[in-house]
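Proteins get letters first, then strands, A, B, ... in listed order; numbering begins at 1 in each. As a basis for the values below, the full set of heavy atoms in this structure was taken, side chains included, without hydrogen atoms, waters or symmetry mates.
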There are 2 protein chains.
Amino acid sequence: MDSEELRNAGLKVTIPRLKILSLLENSAERHMTAETVYRLLAEGGEVIGLATVYRALAQFEAAGLITRHHFDSGQTVYELERGPHHDHIVCIRCGRVEEFYDKVIEERQREIAASLGFTLSDHALTLYGECNSPDCPGHQG
Amino acid sequence: MDSEELRNAGLKVTIPRLKILSLLENSAERHMTAETVYRLLAEGGEVIGLATVYRALAQFEAAGLITRHHFDSGQTVYELERGPHHDHIVCIRCGRVEEFYDKVIEERQREIAASLGFTLSDHALTLYGECNSPDCPGHQG
DNA sequence: TGCTCAAACGATAATGATTCTCAATATAGA
DNA sequence: TCTATATTGAGAATCATTATCGTTTGAGCA
């Protein structure tokens with residue numbers, strides 16, 4: 001249960017935190033901005049202060065429950081830490097985000113960091129391009 | 001000359017733009033925030049409005065003269081587009097930025113995008129870790 | 001179950017980065 | 001040089017995020 005996750009993370013179990021965690025777990029969209037979390041909760045009748053949303057997201061991130069990404073588009077999104085590590089590809093037209101994992105790239109990153117004298121602790125790889133989904137506004141045909 | 005670059009970019013040649021471009025070309029530090037550009041110019045006796053700095057950087061980026069990066073640390077930096085493409089590794093302690101290029105990673109990215117149905121137009125890869133420079137505050141020994 | 005207190009909440013003020021507004025000024029071309 | 005237009009600078013406005021602070025709530029215990 002979500003209560004467990006919060007307790008394990010050393011966080012007090014509160015209604016707002018449970019609602020936010022639940023939203024992150026049950027939404028079709030895995031990548032959300034703080035604003036989006038706030039809005040979706042409000043639309044679902046759960047009005048939680050925006051400050052609380054930001055606080056909770058920061059705490060969840062510190063606890064390792066979620067991950068934060070700064071895309072070059074400028075938007076900051078949060079995503080539930082679930083399953084193995086992966087990177088992202090973002091459509092520059094419709095904003096759709098897909099995930100991928102590539103073993104070769106992961107390995108090369110470690111080697112590169114080592115060769116430059118760095119102890120690698122994290123990385124961010126995001127590809128940008130045009131998706132060819134029929135729903136994408138840039139889709140031809 | 002810089003005037004050429006501006007003209008080629010379709011931008012009117014003005015004093016502020018020349019100063020900013022010159023700073024980017026002649027500074028030891030290749031990665032700067034808008035604030036930094038503003039401050040360095042001011043320290044050099046060239047007081048250029050902050051709004052103008054932001055505008056010029058945005059125009060230079062649109063013209064392809066410089067590139068903007070949003071690091072996960074939150075800072076937005078600009079860098080002169082010079083020489084071949086490269087990615088970055090940032091020290092999480094001292095903020096030092098190094099560049100690198102890896103052919104294997106570049107190729108894998110294209111393949112991945114294609115396999116996901118995207119037409120790749122750009123990418124951002126940043127590694128985060130601890131550098132082992134003697135000047136880094138986290139350096140041991 | 002009720003009590004107590006620190007932690008968390010929500011509203012809103014504050015902050016920091018970036019963009020916009022607009023009157024004054026500078027540039028490119030005739 | 002003159003003119004039309006683009007650019008500049010100062011400061012207001014905006015946007016995302018964080019801090020403040022009085023009120024409320026959760027967790028442990030009698």
Side-chain angles (χ1 to χ4, degrees), chain A residues 1-23 31-42 44-63 65-78 95, chain B residues 1-23 31-42 44-63 65-78 95:
Chain A
M1 203 192 321
D2 291 352
S3 307
E4 280 307 313
E5 291 188 63
L6 291 177
R7 258 189 290 273
N8 293 341
L11 297 172
K12 202 178 267 193
V13 179
T14 70
I15 306 288
R17 286 175 185 166
L18 286 172
K19 299 288 187 193
I20 293 169
L21 194 50
S22 167
L23 177 73
H31 307 84
M32 296 191 221
T33 64
E35 262 311 305
T36 304
V37 169
Y38 173 79
R39 185 171 46 72
L40 289 180
L41 286 170
E46 309 288 355
V47 177
I48 293 177
L50 187 53
T52 301
V53 170
Y54 273 103
R55 263 186 305 235
L57 291 174
Q59 291 159 333
F60 292 177
E61 194 206 359
L65 296 177
I66 65 178
T67 306
R68 182 173 53 163
H69 305 284
H70 288 255
F71 292 148
D72 271 352
S73 53
Q75 66 181 327
T76 300
V77 301
Y78 295 85
Chain B
M1 204 191 319
D2 290 354
S3 307
E4 280 307 312
E5 291 189 64
L6 291 176
R7 258 190 290 274
N8 292 341
L11 295 172
K12 204 176 265 194
V13 179
T14 68
I15 305 288
R17 284 174 188 163
L18 285 172
K19 300 288 187 194
I20 294 169
L21 193 49
S22 168
L23 177 73
H31 307 84
M32 298 192 220
T33 64
E35 267 303 313
T36 304
V37 170
Y38 173 78
R39 185 170 47 71
L40 290 180
L41 286 169
E46 308 289 354
V47 177
I48 293 176
L50 188 53
T52 300
V53 171
Y54 273 104
R55 265 187 304 236
L57 291 174
Q59 290 160 334
F60 291 176
E61 194 207 358
L65 296 177
I66 65 177
T67 306
R68 182 174 54 163
H69 304 284
H70 287 255
F71 293 147
D72 273 352
S73 53
Q75 67 180 330
T76 300
V77 302
Y78 295 85

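The CD atom of B/E5 lies 10.0 Å from the CG atom of B/L18; values are rounded to the nearest 0.5 Å. To the nearest 0.5 angstrom, B/L65 atom CG is 11.0 Å from B/R17 atom CZ. Between atom NE2 of residue A/H69 and atom OG1 of residue A/T76 there is a gap of 11.0 Å, rounded to the nearest 0.5 Å.
A heavy-atom distance below 4.5 Å is not found between the side chains of B/T33 and B/Y38. You'll find the side chain of B/E35 reaches within 4.5 Å of the side chain of B/L50, heavy atoms only. Within the 4.5 Å cutoff, side-chain heavy atoms of B/M32 are placed close to those of B/L23.
For DNA chain C, the contact window with chain A, defined by any atom under 4.0 Å from a protein heavy atom, covers C/dA7 to C/dT12 in 5' to 3' order.
For the pair A/D72 (side chain) and B/H70 (backbone), a donor-acceptor distance under 3.5 Å is present.
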Review point. Nucleotide by nucleotide, 5' to 3', does protein get under 4.0 Å of the base (B), only the sugar-phosphate (S), or neither (-) in nucleotides 6-19 of chain D, counting heavy atoms?
Key: SSBBBB----SBBB
